[in-house]
Amino acid sequence: QVQLVESGGGLVQAGGSLRLSCAASGLPFSFSKMGWFRQAPGNEREFVAAISWSSSNTYYADSVKGRFTISRDGAENTVYLQMSSLKPEDTAVYYCAADRRRPVQLAATIYDYWGRGTQVTVSS
């Protein structure tokens, strides 16, 4: 049974930084990629960033490019999202996701597994 558990969310002032973590268990080495999505109140869920598990190639949404960094720790089966220069519009529930389809397509937004989310609130 694959489990994805996010952590690290919280309240931060605009311009600040926050680091999210996603711990994967079950079948982590079967993943081709992992990613982060977010959903603000009243909005649809949107793609944020993705990383290839084997190569560490990354792909970002234009809205976060240059501010967010996705990375992974294979030894700990964990993916991270380092968020800097945060803006109020970054406020959302952030979800971790994993996919096992191959070959990997980082721009594709269909994933097999999802976490339950962690709240990030950026104050003005």
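Along the sequence shown, residues are numbered consecutively beginning with 1.
Taking the six-membered ring where the residue is Trp, F31 and Y113 present tilted rings, their angle falling between 30° and 60°.
With side-chain heavy atoms closer than 4.5 Å counting as contact, directly or through intermediates, the hydrophobic cluster containing Y111 also holds F37, F47, Y59, V93, Y95, V104, L106, W114.
A distance of 11.5 Å separates CD of Q3 from SG of C96, quoted to the nearest 0.5 Å.
Under the rule for a salt bridge (Lys or Arg N to Asp or Glu O under 4.0 Å), the partners of R101 that lie at least two apart in sequence or sit in another chain are D99, D112. Residues forming a side-chain hydrogen bond (donor to acceptor under 3.5 Å, both in side chains) with T109 (at least two apart in sequence, or on another chain): none. In this view, Q39 satisfies the side-chain hydrogen bond (donor to acceptor under 3.5 Å, both in side chains) rule with no residue, not counting sequence neighbours. For T121, the side-chain hydrogen bond (donor to acceptor under 3.5 Å, both in side chains) test picks out Q119, with sequence neighbours left out. Scanning for side chain to side chain contact (heavy atoms under 4.5 Å, CB included) contacts around S55 gives S52, N57, with sequence neighbours left out.
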Solution key, residues 78-87 side-chain donor-acceptor pairs under 3.5 Å, sequence neighbours excluded:
| residue | atom | partner | partner atom | Å |
| --- | --- | --- | --- | --- |
| T78 | OG1 | E76 | O | 2.9 |

With a 3.5 Å cut-off and sequence neighbours excluded, list the donor-acceptor pairs that the side chains of residues 11-23 form with protein atoms.
none

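When every heavy atom of I70 is checked against every heavy atom of Y60, the shortest pair comes out as N-OH, 2.9 Å. Of all the heavy atoms in F68 and V48, the pair that sits closest is CD2-CG1, 3.8 Å.
Note on residues 48-65: pairs passing salt bridge (charged side-chain N to carboxylate O under 4.0 Å, His left out), not counting sequence neighbours, are D62-K65. For residues 36-81, no pair satisfies disulfide (SG to SG under 2.5 Å), with sequence neighbours left out. The salt bridge (charged side-chain N to carboxylate O under 4.0 Å, His left out) contacts involving residues 40-59 comprise R38-E46, where partners must be two or more places apart or lie in separate chains.
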Under the criterion side chain to side chain contact (heavy atoms under 4.5 Å, CB included), I'd like the reasoning laid out for R72 against N77: C-alpha separation, chi angles, the key distance, then a yes or no. CA-CA 8 Å; R72 56 89 172 161; N77 300 320; over 6 Å; no
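Using a 4.5 Å heavy-atom cutoff, the side chains of M34 and L4 are in contact.
Within the 3.5 Å criterion, the main-chain N or O of A108 finds a donor-acceptor partner in the side chain of K33.
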